[in-house]
Every structure is written in structure tokens, then in C-alpha cells.
Protein chains: 2
Amino acid sequence: MKANVLIVEDESPILELLALNISQAGYNPLRAISAEHAEKLINEALPDIILLDWMLPGMSGIDFAKKLRSNTLTKTIPIIMLTARSDELDKVRGLEVGADDYITKPFSPRELNARIKAVLRRKAPELTEDLLKINGLELDPVSHRVSGNNKPLEMGPTEFRLLHFFMSNPERVYSRSQLLDKVWGSQIFIEDRTVDVHIRRLRNILTQSQHEGLIQTVRGSGYRLSTK
Amino acid sequence: MKANVLIVEDESPILELLALNISQAGYNPLRAISAEHAEKLINEALPDIILLDWMLPGMSGIDFAKKLRSNTLTKTIPIIMLTARSDELDKVRGLEVGADDYITKPFSPRELNARIKAVLRRKAPELTEDLLKINGLELDPVSHRVSGNNKPLEMGPTEFRLLHFFMSNPERVYSRSQLLDKVWGSQIFIEDRTVDVHIRRLRNILTQSQHEGLIQTVRGSGYRLSTK
DNA sequence: GATCGTATGACATTTATATGACATTTTAAT
DNA sequence: ATTAAAATGTCATATAAATGTCATACGATC
């Protein structure tokens with residue numbers, strides 16, 4: 001599950017540079033040369049994060065950010081602003097319209113990737129590759145392995161993604177619909193009740209290391225991973 | 001809290017078929033036989049989602065979609081286009097004018113309902129996520145947990161919502177019908193006296209941490225959450 | 001003490017979740 | 001290509017929890 005990074009930048013060389021960088025960092029770059037172009041891409045599939053140039057022909061970056069923030073569908077997508085100069089005023093305005101971070105050109109690839117990672121970790125931790133440990137339960141996104149109290153646990157892909165998501169967002173209730181969106185994907189059409197079945201499968205597997213209590217039912221609301 | 005689904009379809013048998021389906025799926029169907037007719041209905045009450053036939057007499061579906069998108073009031077209403085053929089070009093044009101999804105005839109009831117659900121679940125409004133604390137009583141909307149003096153308190157969904165509402169609006173009296181509106185929902189037909197029962201249930205639970213006095217009866221008026 | 005509004009316990013019903021089974025689809029191996 | 005194995009989504013049923021209503025008891029107010 002590579003994160004989709006939408007880059008909105010009108011200068012083609014910079015755009016390509018960014019895209020190269022991003023794909024090397026393990027993300028999936030999407031290119032847009034204007035706000036209008038970006039909107040089209042967003043209509044097809046919501047990106048996980050947006051890199052947005054401050055200066056754009058047509059709709060400016062800051063107006064576009066505002067627009068994104070005013071739409072329910074896009075308001076939670078993290079935005080990193082790209083600005084030419086390190087102007088404090090720009091920074092303030094950027095944060096005002098809801099940018100999550102911002103970076104001034106020229107920037108080092110390392111810094112850019114670090115910031116993307118930081119923002120993702122905050123907003124969509126399930127898209128990072130961090131090793132997750134909770135109460136003796138370990139999930140390694142890189143090797144794609146799970147173990148409970150050092151005992152390897154075998155599970156299907158869906159259960160893995162479900163557990164990955166829960167471990168990335170512990171102590172938080174998710175409705176079945178939210179889980180379908182986050183774990184299955186928003187373009188998928190399956191029954192709410194199917195979530196129950198996968199929860200049960202996951203719990204069954206976690207039983208091997210007495211971790212099944214981690215996945216809790218919150219009646220009327222959904223499910224939660226919690227150590228309490 | 002049934003979602004209102006506006007169906008715009010000129011062929012009466014198909015319209016009825018759709019309406020039947022939609023009401024069986026737990027939504028409330030509104031019927032329109034033309035774009036003009038649909039506009040009238042929209043003026044009366046904004047639907048939650050619109051199923052829009054591609055081919056319509058008078059204003060075409062695509063023009064109507066464009067019109068809806070250009071109006072502030074209606075631009076955020078999700079639209080699902082109904083098209084006769086699976087023409088890629090149509091799909092592109094549909095997405096261009098801002099349809100959220102589209103489905104080709106003939107379609108299975110299941111697929112249709114799944115798509116409606118998928119589109120609706122994405123536009124769910126977000127509730128406030130702030131941790132509420134009053135006098136040692138804590139309610140966390142995120143993890144969906146309540147504790148009194150650090151002791152976990154278990155309660156049913158209705159009691160949770162009731163307490164959530166009171167803690168969000170402390171020191172203020174609400175009549176039984178106001179509570180029914182705010183906590184149960186406005187279209188629900190329930191006896192006033194039932195509120196009493198849930199108040200008692202809530203108080204019983206709060207007794208575990210000596211917080212039952214927080215919920216006060218205001219004779220002749222209703223109930224209030226107050227620390228005084 | 002009569003009246004009115006509220007509290008309480010019991011109960012039938014409704015609603016939500018858990019579970020086991022199954023048909024199909026996907027994936028991997030040969 | 002063929003086959004076997006694994007995974008997936010759905011359904012029917014079982015189980016559990018929550019809900020709304022009522023009858024009755026209680027307490028305040030006049």
C-alpha cells in the first residue's frame with residue numbers, strides 16, 4: 001500500500017525532480033501542472049498527501065488549498081506547501097489555510113522526504129513502514145510479518161491490512177464504513193457486515209497469542225484496538 | 001435519519017424499480033421525471049444524494065449535473081450518473097462535470113445500493129473529537145470511552161450519546177423533547193417518558209463514581225448537567 | 001390529602017453482533 | 001493450461017445487548 005503523493009507544480013523540471021524523489025522514497029507520485037489539473041486527478045482517486053506549489057498559473061496554491069479544505073472529501077488530506085522564499089508571512093498564511101507543513105525552495109530531497117514522512121506519520125500512520133509493537137504483538141510492514149509474544153502469526157492479506165491499520169491507530173473507534181474506506185479502499189463496494197467476519201478471523205488468529213482481546217467491539221459504533 | 005435519495009429518471013418503470021430498491025435498502029426515495037421537476041423538489045428540501053439519468057427530456061442529465069455543481073447550495077451533493085451504455089467517453093464526461101460515481105444500465109440492485117452507500121459514507125460529517133472533562137468525569141469521543149475518577153464506566157450507545165450531549169452543553173436545562181431531538185434525532189417518534197428511563201440508566205452507571213448528582217432534575221422543565 | 005410530575009423495576013420487542021457454513025474468486029504450484 | 005490451496009464476501013442463524021413502554025411507587029407542591 002504505497003502512499004499516493006499528488007504533486008502540483010507548474011514548472012516541469014521541478015515537477016519531475018520531485019516525482020523522482022518521491023518514487024525513490026517508496027511513494028507513488030501523481031503529477032499535476034495546475035490546480036485545475038489536480039482537481040481532475042483528485043476526482044479519480046483521493047491522494048494520501050498533496051505537495052502544493054505556492055505559485056501556480058490559474059488558481060493559486062493558497063486558493064486551491066482553501067478549496068480543498070472546504071470540501072468534506074478532501075479536507076483531511078495533508079498538504080505540504082512549497083514556497084520559493086522563506087517568508088514568515090507566507091508561512092503564516094499557509095498555516096492559516098490549513099497546510100500541514102511547508103518547505104522552502106530550494107530544498108534537499110532528504111528534507112522533503114523527512115517532512116512527507118512526518119506528516120504521514122501524523123495523519124496516516126498506516127502508510128509508513130514503521131515496525132509496530134503493542135503489548136507483545138508485533139507487525140512489521142517491511143517484511144510483512146506478524147508475531148504475538150514472538151510466536152509467528154499467519155493471516156490473510158485482508159486481516160494483515162486490518163491489523164496494520166488498527167495498530168497504526170490504536171485506542172480509536174472506527175465504524176464499519178470507515179474501516180471499509182481505510183482498509184479496503186473507497187472504490188470498493190462490499191457489505192458492512194463483511195467487516196464483522198474479518199474481525200472474527202483476525203481475532204481467531206490473535207487467539208494463538210492471547211491477543212484477541214485487543215480488538216474490541218464498541219456496540220453501535222464499530223471496533224477499536226485497545227490495550228485497556 | 002434515513003438519507004433522502006433523489007431519483008431523476010424519465011422512464012416510469014425504471015423510476016419505480018429504482019425507488020423500490022432504494023426504499024428496501026433503507027433510504028427514502030424522491031421521484032423526479034425530469035431535471036425541471038427535480039429542481040422543484042430540490043428547492044423544497046436538499047436531498048442527500050442524487051441518482052441522475054444521463055438521457056433526459058428537456059435538460060439533459062449532464063447539463064443538469066453541471067448546473068447543480070455551479071450552485072453553492074447543491075454543489076456538494078453527491079451525484080451518481082445512470083448511463084445506458086458503458087461508454088468510456090461518457091464516463092470521462094460524467095466525471096468532468098463532477099459526478100461522484102456512475103453506473104451503467106442494466107445494473108444489479110446490490111451494486112446500486114453498494115454505490116449509494118459508498119458515496120454516502122464518504123461524505124459523513126465529522127464530529128468534534130475533543131476530550132470532555134467535568135468534575136473528574138471524562139468522556140473521550142475518539143476512543144468512545146467514559147471514566148469517572150479514572151474508573152472505566154460501561155454504558156449503552158444511547159446513554160453514551162446522552163452523556164456526550166450533556167457534557168457538551170453543561171449547566172443548561174433541556175426539556176424531554178429537546179433531548180429527544182438532540183440525542184435521538186428529530187424524526188424519531190418516542191414517548192417523552194422514555195427519556196426518564198434513560199436518565200435513570202445513566203445515573204445508575206454514574207453512581208459507580210459518585211457522579212450521579214451531575215444529572216439533575218429540573219421539575220417541570222427537564223434535565224440538566226451541572227456541578228452545582 | 002389530592003394532584004401532578006418524576007423515579008423505578010419489570011418486561012417484551014427490537015436491534016446489533018458473533019458465528020459457522022458456503023460458493024466464488026484469486027493465487028500459486030505444477 | 002490445470003489443479004490445488006488459500007482467501008474472500010455473503011448469508012442464515014444464534015446469541016447477546018439495548019431499547020421503549022408500562023404499571024406502579026414516590027415525592028413535591030398547593
Side-chain angles (χ1 to χ4, degrees), chain A residues 144 146 152-165 173-181 183-185 187-207 212-225, chain B residues 1-2 24-26 108-115 117-118 144 146 153-165 173-181 183-185 187-207 212-225:
Chain A
H144 216 270
V146 182
L153 298 174
E154 304 289 336
M155 63 185 73
T158 305
E159 283 71 38
F160 182 86
R161 271 181 284 128
L162 188 57
L163 182 59
H164 187 189
F165 178 73
V173 176
Y174 290 94
S175 71
R176 290 172 177 73
S177 294
Q178 286 177 313
L179 290 171
L180 285 175
D181 266 7
V183 177
W184 275 259
Q187 80 292 10
I188 290 279
F189 309 106
I190 59 182
E191 295 290 321
D192 272 15
R193 292 279 134 226
T194 300
V195 174
D196 300 29
V197 178
H198 284 277
I199 289 282
R200 176 173 57 90
R201 286 171 181 157
L202 180 54
R203 279 175 175 158
N204 278 346
I205 292 155
L206 296 181
T207 305
E212 71 280 7
L214 276 182
I215 308 290
Q216 305 174 348
T217 303
V218 181
R219 184 166 249 265
S221 297
Y223 298 96
R224 153 183 78 197
L225 181 147
Chain B
M1 300 255 244
K2 279 203 257 184
Q24 280 178 345
S108 75
R110 165 167 304 156
E111 184 185 359
L112 175 66
N113 289 330
R115 283 179 190 252
K117 193 188 284 182
H144 213 274
V146 182
L153 300 174
E154 305 287 339
M155 63 186 73
T158 305
E159 283 70 53
F160 184 88
R161 271 181 284 128
L162 188 57
L163 181 59
H164 192 349
F165 176 73
V173 180
Y174 290 95
S175 71
R176 290 171 177 73
S177 28
Q178 283 178 313
L179 289 171
L180 284 175
D181 265 12
V183 177
W184 275 258
Q187 298 137 301
I188 296 268
F189 172 64
I190 290 179
E191 295 291 323
D192 270 17
R193 291 281 133 221
T194 299
V195 174
D196 300 29
V197 178
H198 283 278
I199 290 281
R200 175 176 57 89
R201 285 172 182 156
L202 180 53
R203 280 175 175 159
N204 277 346
I205 292 153
L206 296 181
T207 305
E212 72 280 6
L214 276 181
I215 308 291
Q216 306 174 348
T217 304
V218 181
R219 195 181 172 83
S221 300
Y223 299 95
R224 162 181 70 198
L225 181 147

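In the text below, chain A, chain B and the rest are named by the order of the sequence lines, each starting its count at 1. All figures in this text were calculated on a predicted structure; none of them were measured in a lab.
Among the atoms of the strands shown, only primed sugar atoms or phosphate atoms (P, OP1, OP2) are found under 4.0 Å from some heavy atom of B:T158. Residue A:Y223 is classed as a sugar-phosphate contact, given heavy-atom separations below 4.0 Å to backbone atoms only.
Proximity note for B:E159 (side chain, C-beta onward) versus C:dG9, D:dT19, C:dA16: the nearest is D:dT19.
Below 30°, between 30° and 60°, or above 60°: for A:W184 and A:H198 the angle between ring planes is above 60°, a perpendicular geometry. B:F160 and B:H164 have perpendicular rings, their planes meeting at more than 60° on a 0 to 90° scale where under 30° would count as parallel.
Of the side-chain N and O atoms in A:W184, none sit less than 4.0 angstrom from OP1 or OP2 of D:dT8. For the pair A:R176 and C:dT17, the criterion of a side-chain N or O lying under 4.0 Å from OP1 or OP2 is met. Taking side-chain N and O atoms only, B:T217 has no distance below 4.0 Å to OP1 or OP2 of C:dT6. Between A:R193 and C:dA16 there is no side-chain N or O to OP1 or OP2 distance below 4.0 Å.
Regarding A:L202, its CG atom lies at a distance of 17 Å from the P atom of C:dT17, rounded to whole Å. Per the geometry, CD1 belonging to B:I215 stands 12 Å off P belonging to C:dA7, to the nearest Å. What separates CG of B:L179 from P of D:dG20 is a distance of 13 Å, to the nearest Å. Rounded to whole angstrom, the span from the CD atom of B:E191 across to the P atom of D:dG20 amounts to 11 Å. One atom, CD1 of B:I205, and another, P of D:dA18, lie 9 Å apart when rounded to the nearest Å. A straight line from CZ of A:R200 to C1' of C:dA16 spans 16 Å, rounded to a whole angstrom. Taking atom CD1 on A:I199 and atom C1' on C:dA16, their separation rounds to 15 Å, with Å as the unit. Remark: C1' of D:dG9 and NE2 of A:H198 are 6 Å apart, rounded to the nearest angstrom.
Among all heavy-atom pairs drawn from B:L180 and B:D192, the shortest one is CD1-OD1, 3.6 Å.
Between the base of D:dG20 and the side chain of B:R201 there is a donor-acceptor pair shorter than 3.5 Å.
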